[in-house]
Student: 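Let me give you the structure first, and then I'll get to my questions.
Read the numbers this way: they start at 1 and go in the same order the structure lists the ligands and their atoms. Just the heavy atoms: all of them, side chains too, but no hydrogens, waters or symmetry mates, feed the values below.
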Amino acid sequence: MGLPAKRRTKQSKRERAAHFALKAATLSVCQKCKHPVRPHRVCQNCGYYKGRDVLKLASKDARKTKRKQRKEKKSE
Ligand SMILES: [Zn+2]
């Protein structure tokens with residue numbers, strides 16, 4: 001393992017760390033649901049990107065509820 005050749009001063013450590021702060025993500029608005037979304041990414045709220053349903057979240061939800069209903073029927 002490499003060892004530091006010289007001790008790093010408090011000042012040089014702090015000067016380096018001055019750039020570590022995270023910047024707030026820039027957000028745009030979803031065309032369909034007006035939810036804030038990161039640019040060039042699929043909307044996590046409704047699954048839309050560039051005017052089409054990419055994730056098909058609605059059908060996924062429908063499938064989940066169907067599965068739940070089936071499980072409930074079996075347990076009865
Ligand atoms: Zn959306």
Student: Among protein atoms, how many N/O/S atoms lie less than 2.8 Å from the Zn ion (ligand 1)?
Tutor: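 Under the 2.8 Å cut-off, the count stands at 4.
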Student: With no hydrogens and no angle check, is any side-chain donor or acceptor of R70 less than 3.5 Å from a backbone partner on K68?
Tutor: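 Answer holds: no.
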Student: A quick test of your reading: do over 12 heavy atoms of other residues, nucleotides or ligands sit less than 6.0 Å from CZ of R52?
Tutor: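 No, because the 6.0 Å sphere around CZ of R52 holds 12 heavy atoms or fewer from other groups.
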Student: At what distance, to the nearest 0.5 angstrom, does SG of C46 lie from NZ of K34?
Tutor: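 It comes to 10.5 Å.
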Student: Side-chain donor-acceptor pairs under 3.5 Å in residues 5-31, sequence neighbours left out?
Tutor:
{"residue": "R8", "atom": "NE", "partner": "S12", "partner atom": "OG", "Å": "3.3"}
{"residue": "T9", "atom": "OG1", "partner": "S12", "partner atom": "N", "Å": "3.1"}
{"residue": "Q11", "atom": "NE2", "partner": "E15", "partner atom": "OE2", "Å": "3.0"}
{"residue": "S12", "atom": "OG", "partner": "T9", "partner atom": "O", "Å": "3.3"}
{"residue": "S28", "atom": "OG", "partner": "V37", "partner atom": "O", "Å": "3.3"}

Student: Which distance, rounded to the nearest 0.5 Å, do you find between the CZ of R38 and the CD of Q44?
Tutor: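 With rounding to 0.5 Å, CZ (R38) is 11.0 Å from CD (Q44).
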Student: To the nearest 0.5 Å, what is the distance between SG on C33 and OH on Y48?
Tutor: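 The OH atom of Y48 is 10.5 Å from SG of C33, to the nearest 0.5 Å.
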